[in-house]
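Values below: every heavy atom of this structure, side chains too, minus hydrogens, waters and symmetry copies.
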Amino acid sequence: MYDIVIVGAGPAGASAAIFAAKAGKSVLVVDSDQSVTKRAWVENHYGVAEISGPDLLETGKKQAAKFGAKFESGKVTGISRGDDGLQVQTEGASYSARHVIIASGFLTDLAESAGLETAPGTEPRVKTIFKTDAQGKTNVPGVWAAGTCAGVSVHTIVTAGDGAKVAINVISELNGERYVDHDVLKA
């Protein structure tokens, strides 16, 4: 069983994976390779002069893998309650998790099968989003949403930040106390 299964490896999902894996949580990211970021050219990230969407995605995945996150290719077809937690089904496998973070960008097709409440989208071209509270929790216990699918701006720096925020909230819940991750320069 994984501590956290993340649906989607775009900026929100990979950022969540970085924070969760760096915090020592067992993390699996299931990605269908449909991120709209694959078509992006990015010049508005703080600290990054410019980067292509594909390079940004690859860098995020490498950072998460460096801390121990695992990645599987596949399309998540369902999320359900299992004996010990949650079951995440793909077209060819099933994974157990204590928590699930959905970071599926524009895609909210999991809503009906997982019993997740939705709302009209607030961003241009985003028709539907998952309803969440301020921490990223959905109406299904243990299932969280981050990034565009949770109603956050489509800008990659914003969705990445939201993925980090939701991961910190999940880590805090798993730890039973507020989690903070601050690295310092080595002398």
Assess the residue pair Q87 and S80 against the criterion (side-chain hydrogen bond (donor to acceptor under 3.5 Å, both in side chains)); give the C-alpha distance rounded to whole Å, side-chain angles, the decisive distance to 0.1 Å, and a yes or no. CA-CA 5 Å; Q87 292 296 312; S80 58; over 6 Å; no

Between K22 and D183, does the salt bridge (Lys or Arg N to Asp or Glu O under 4.0 Å) criterion hold? Intermediate values first, please. CA-CA 11 Å; K22 189 168 182 277; D183 294 323; 2.8 Å; yes

Under the side-chain hydrogen bond (donor to acceptor under 3.5 Å, both in side chains) criterion, do T138 and E117 qualify, and how do the steps go? CA-CA 7 Å; T138 70; E117 292 180 7; over 6 Å; no

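No more than 12 heavy atoms of other residues, nucleotides or ligands shown are found within 6.0 angstrom of NE2 on H155. Taking a 6.0 Å sphere around CZ of R178, one finds it holds more than 12 heavy atoms contributed by other residues, nucleotides or ligands.
Side-chain atoms of K25 and F67, non-hydrogen and from C-beta on, never get closer than 4.5 Å to each other. Using a 4.5 Å heavy-atom threshold, the side chains of V100 and W144 count as separate.
D31 meets the salt bridge (Lys or Arg N to Asp or Glu O under 4.0 Å) test with no other residue; sequence neighbours excluded.
In this structure a side-chain-to-backbone donor-acceptor pair under 3.5 Å is missing from T37 to A40.
A side-chain contact (heavy atoms from CB on, under 4.5 Å) with K137 is found for one member of E173, K131, H99 and no other, namely E173.
Note on R98 versus D84: no salt bridge recorded, every NZ/NE/NH1/NH2 to OD/OE distance being 4.0 Å or above. Ion pairing between K75 and D33 fails under the 4.0 Å rule for side-chain N and carboxylate O.
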